[in-house]
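The chain is numbered in sequence order, starting from 1.
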Amino acid sequence: MRRRPGIGGLQTAAAARDQYRLLGENVAKLRTDLMKEQLSTFRSQLEDFARKHKNDIKKNPAFRSQFHEMCAKVGVDPLASNKGFWAELLGIGDFYYELGVQIVDICLATRPINGGLINLEELCKMLSQRRKGAREAVSEDDCLRAISKLKVLGSGFEVITVGKRKLVRSVPTELKKDHNEILELSQAQGFVTVEEVERRLSWSTGRATDALETLLDEGLAMIDDGHRDGKRRYWFPCVSSVSSFVASETL
């Protein structure tokens, strides 16, 4: 028959649990203090690094991207504020603020053509052309960081991946699975036909037409009816440059 522990045994067990708990709390505190000390050291070294390589960070996009990765590892966000150490040393907050304003301007200017969905690569090219006189070169990484700060403007202004391409969306259009599949299919030529969608995706005529007409209504597609074969082409400026569409009309 099993004997129940007496009052003394219960008190001893409780005291042991308290000791283990205190020991665990002390170990956790030591680890936390050590991590805080290490992070403080890393941040100090990061500031020294930034002072030493200030010009490289400003002028070299690849170097700037690596610098941001270093910052992320120690919980530092140089873009969080336009005030303080990073803004004073690098002016980095102002740099991305300026990029953000220019990106918004380009998205608004091209919206009548692409419906508010633009290829990230084309956006970066247009941004670089606009900034020809600027001292700092701009990379896709810079564009992505600037766009991430535009989310405070509300819905829209985000990067989505369709197939192998990144597209920047500046309107709150909801793209469904069918629409994404058509956009991915169109990346080969910049356009699709109803017949091609039916054949390549094994869809019915109704499903293909419905999805394409929705993309057309949203302003994401452009119609080209001028071909000898009589097949309507649905062009997508967000995956092909506008110049490609213009060139096709002259054929």
Do Arg232 and Ile223 have side chains that get closer than 4.5 Å, going by heavy atoms?
yes

Result of checking Asp224, Asp225, Asp229 against His227 for side chain to side chain donor-acceptor pair (under 3.5 Å):
Asp224

Nearest atoms (heavy-atom pairs only) where Val197 meets Ala208
CG1-CB, 3.6 Å

So how far is it from Leu127 CG to Asp142 CG, rounded to the nearest 0.5 Å?
9.0 Å

One thing to verify: whether Glu98 and Arg131 come together as a salt bridge, which I'm taking to mean a side-chain N less than 4.0 angstrom from a carboxylate O.
yes

Can you tell me how far the CG atom of Asn114 sits from the SG atom of Cys107, to the nearest 0.5 Å?
7.5 Å

Give, for atom CD1 of Ile182 and atom CG of Leu212, the distance between the pair rounded to the nearest 0.5 Å.
4.0 Å

Side-chain heavy atoms of Phe236 within contact of Leu215, under 4.5 Å:
yes

I need the minimum non-hydrogen distance between Ala146 and Ile103, along with the two atoms involved.
CB-CD1, 3.9 Å

Taking C-beta and beyond as the side chain, do Leu120 and Cys143 meet within less than 4.5 Å on heavy atoms?
yes

Arg207: which residues meet the side-chain hydrogen bond (donor to acceptor under 3.5 Å, both in side chains) condition with it, sequence neighbours left out?
Asp178

So, using side-chain hydrogen bond (donor to acceptor under 3.5 Å, both in side chains) as the criterion, who are the partners of Asp105 when residues are at least two apart?
Arg130

Output for pair (Leu123 CG, Ser128 OG), nearest 0.5 Å, gives 9.5 Å

Contact between Met126 and Thr110 at the side-chain level, heavy atoms closer than 4.5 Å - yes or no?
yes

Check: Tyr234 and Ser186 side chains under 4.5 Å, non-hydrogen atoms:
no

Among pairs that include at least one residue of residues 187-199, which meet salt bridge (charged side-chain N to carboxylate O under 4.0 Å, His left out), considering only residues two or more places apart or in two chains?
Glu196-Arg200

What pairs with Thr209 under side-chain hydrogen bond (donor to acceptor under 3.5 Å, both in side chains), at least two apart in sequence or on another chain?
none

Within the structure provided, determine whether Leu117 and Val162 are in side-chain contact (heavy-atom separation under 4.5 Å).
no

Among residues at least two apart in sequence or on other chains, which ones pass salt bridge (charged side-chain N to carboxylate O under 4.0 Å, His left out) with Asp217?
none

Summary of salt bridge (charged side-chain N to carboxylate O under 4.0 Å, His left out) pairs that have at least one residue in residues 179-190, sequence neighbours excluded:
Lys177-Glu181

Minimal non-hydrogen separation, Asp141 against Arg145, with atom names
OD2-NE, 2.8 Å

